[in-house]
Structure formats: C-alpha cells, structure tokens
Number of protein chains: 2
Amino acid sequence: MDKDRYRQAVRLFSLLSHPVRLRIVDELRRGEACVCHLQAILKRPQPYISQQLRVLREAGVIEGRKRGLYVYYRLIDEQVERLLLETLGPAGEPSPLPLCACPRCHDEAESLPLPGGSVAAEVR
Amino acid sequence: MDKDRYRQAVRLFSLLSHPVRLRIVDELRRGEACVCHLQAILKRPQPYISQQLRVLREAGVIEGRKRGLYVYYRLIDEQVERLLLETLGPAGEPSPLPLCACPRCHDEAESLPLPGGSVAAEVR
DNA sequence: TCGCTATATGCATTCTAATGCATATAATAC
DNA sequence: GTATTATATGCATTAGAATGCATATAGCGA
C-alpha cells in the first residue's frame, strides 16, 4: 500500500517535531548518553525526560543499555540521522557536563570501551 | 543563537507531520496543481484544503499563482523537497484526475506554458 | 535486611493543533 | 447590475499531544 509510506513519514516527522525530543536525538547522534546527562543538558525534570525517551524508544529510534544504576541511550535509526544532518547540519561534539553525576562523565577511567565486560541488559 | 536552528527544524518537521499537508507537498513537488485538483485527490472539503494550503503558504513552503478563478500552487522550499526525497523517495508522476474541473486538467490546450501572458497575480 | 539513587510508569490536567462549517471574497459570464 | 463558481477566511468545537507530578521499580551499598 502506498498509504503506508505516508503514514511512516508522518510518524517520523511527528517524533522530530518536538523541541525536547529533537534535542535528545541530536545529542545522542554525538554518542551515547545517560539519562542524567540529558537531564542536565535539557534542564527538565527526570520523569519528563524519561517519558520522551520512552516515546523515542518505542518508535525504534533509540536504544537503551543498562549499566548498574545508569542507562545509556544511543541513536539507532539511520534515517533519523540523515534527517538531522539535513536540517541541523553535522553533529557537534558530545557535551560533557559537570552537572551530570554518572561515572562516565565524572571519572574518565570508567570511560567508553567498558573493560571488564559485566552485564549490560537491554532496556525494553 | 543555536536555539534558532532547533526552532527552525521543529517548525519544518511540524509542517510535514500532518497527513494532509504531507500529501499536498508530495503532490506539489510533482508539479503545479490547482486547489480543486488537490481537493479531488485528497477527497476533503474545499475549505479544509484551503486551510492547510494557508499554513504551508504562510510558512513559505509553497506559493500560489492566481489565474482567473483558479489558483495554482507549487512547492518552493528546496529543503522540504530534500526531506520528501529522503522519506518518501523520488517524486511520482503528476496525478491527472478527471474529477478535477479546472482548464489545465480538462483541455490540455490551455496547458503548461500559458501562451497569451495575461495577468497572473501572486497569492498573499 | 534497609536505605539511597537512577530511571520508569501511570494518570490527571492543560494546551495546542486539527477539524467542521458558515460565510466572505474575487473573478467570470450574462 | 445579478448569478455562478473557485478559493479564502473566521470561528466554534473537538481530539490528541504535551506537561506535571506522585509513585513504582531496579540496582547498589551498608
């Protein structure tokens, strides 16, 4: 059906037509980020951030990876990435904020490659 | 200000996150079309179509050209064109509908190039 | 075990956009 | 002038998304 292409496009545009969600995906295309990080950047209450993350997660645009108490989200939709490139231009540098308390942001030791492969569950 | 880039993007995505508006711009990227044509394709009341056209017109995405009783709209925003290409793929053929009564659709004589350059006012 | 922290969920309320419809405007033909 | 047709506008109503907030869940450490 041709109608599905329209439906799909409308769904995508709707997701991105929201200021907070747009800023979230723009941040995530720069690299993984935990919820507290996004919270610090966007200066919104945590439940509010989590709700928008849920919308994006259920739409299959982002994915969360649990690591202890923290959940790290990342962008997994390549079409969204292209749409952001078209409208916002190339992705900027990831924003390291002192306001964020998570290990990744605080001590750079526990940084990216995650050495001792302990459990990392998907968020669903 | 960096915030303006976000605002601008949100505005664009909002315009396209509406099923009727999306179909209108998709139709218009295939070529000029009069209101009655869009009305025939989308099977919606004329005032409703005109309202959505106004939204798109005031956002600077489309432009209307008056020709007698009829108004022919066309897409003038290239970024929107690129976003449609990304999400919907290449533009299809213009849809000639027998349901539409305007001269352009009925008798092909009065077709595209518009010979005897009579007055054509912009719609604002 | 309990307490603390990060994140998630549920739900009520508030806004804004979508929709429907009556009517206005503009151009043509008579 | 009047009548007719295409399009536009204004406005009331409705629907759905956005927001706020109380509370639930999950993991860690003592």
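Every heavy atom of this structure was used, including side-chain atoms; hydrogens, water molecules and symmetry mates were not. Given the structure is predicted, the values throughout are model-derived calculations rather than measurements. Letters A, B, ... mirror the listed sequences (proteins, then strands); counts begin at 1.
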| field | Selected nucleotide, minimal atom distance to Ser50(A) side chain, candidates dT9(D), dA6(C), dA8(C) | value | dA8(C)
| request: For the side chain of Tyr70(A), starting at C-beta, report the closest nucleotide among dA6(C), dA27(C), dA8(C). | output: dA6(C)
| Atom OH of Tyr72(A) to atom C1' of dT7(C): distance rounded to whole Å? | 13 Å
| field | Atom pair distance, as rounded to whole Å: CZ in Arg54(B) and C1' in dT25(C) | value | 13 Å
| query | Could you state the CG-C1' distance from Leu42(B) to dT19(C), rounded to the nearest angstrom? | reply | 15 Å
| task | Nearest whole angstrom, please: distance from the P of dA8(C) to the CG of Leu69(A). | result | 11 Å
| task | Return the value, rounded to whole Å, for the distance between atom CD of Gln39(B) and atom C1' of dT5(D). | result | 12 Å
| Shortest non-hydrogen contact from Ala91(A) toward Arg30(A) | CB-CG, 4.2 Å
| Within this structure, what is the CD-to-C1' distance between Gln52(A) and dT19(D), rounded to whole angstrom? | 9 Å
| field | Minimum side-chain heavy-atom gap Ile62(B)-Arg74(B) below 4.5 Å | value | no
| said: Nearest to the side chain of Arg57(B), heavy atoms from C-beta on, is which of dA8(D), dT7(C), dA18(C)? | reply: dA8(D)
| Side chains of Thr87(A) and Gln79(B): does their closest heavy-atom pair fall under 4.5 Å? | yes
Considering only nitrogen or oxygen atoms on both sides, find all protein atoms under 3.5 Å from nucleotides 20-23 of chain C and state each distance.
| residue | atom | partner | partner atom | Å |
| --- | --- | --- | --- | --- |
| dG20(C) | O6 | Gln51(B) | OE1 | 2.8 |
| dG20(C) | O6 | Gln51(B) | NE2 | 3.4 |
| dC21(C) | N4 | Gln51(B) | NE2 | 3.2 |

| query | Atom CZ of Arg65(A) and atom C1' of dA6(C): how far apart are they, to the nearest Å? | reply | 15 Å
| query | Can you check whether Leu15(B)'s main-chain N or O pairs, donor with acceptor, with Arg21(B)'s side chain at less than 3.5 Å? | reply | yes
| Close side-chain approach of Phe13(B) and Leu22(A), heavy atoms under 4.5 Å | yes
| request: Give the rounded distance in Å between these two atoms: CG of Leu16(B) and C1' of dA18(C). | output: 16 Å
| query | So, does Gln51(A) use its side chain to make a donor-acceptor pair with the main chain of Pro47(A) at under 3.5 Å? | reply | yes
| said: Quick check with a 6.0 Å cut-off and a 45 degree axis cone: is Arg65(A) positioned over the face of Tyr73(A)'s six-membered ring? | reply: no
| Should Arg21(A) be listed as having a side-chain N or O under 4.0 Å from OP1 or OP2 of dA18(D)? | yes
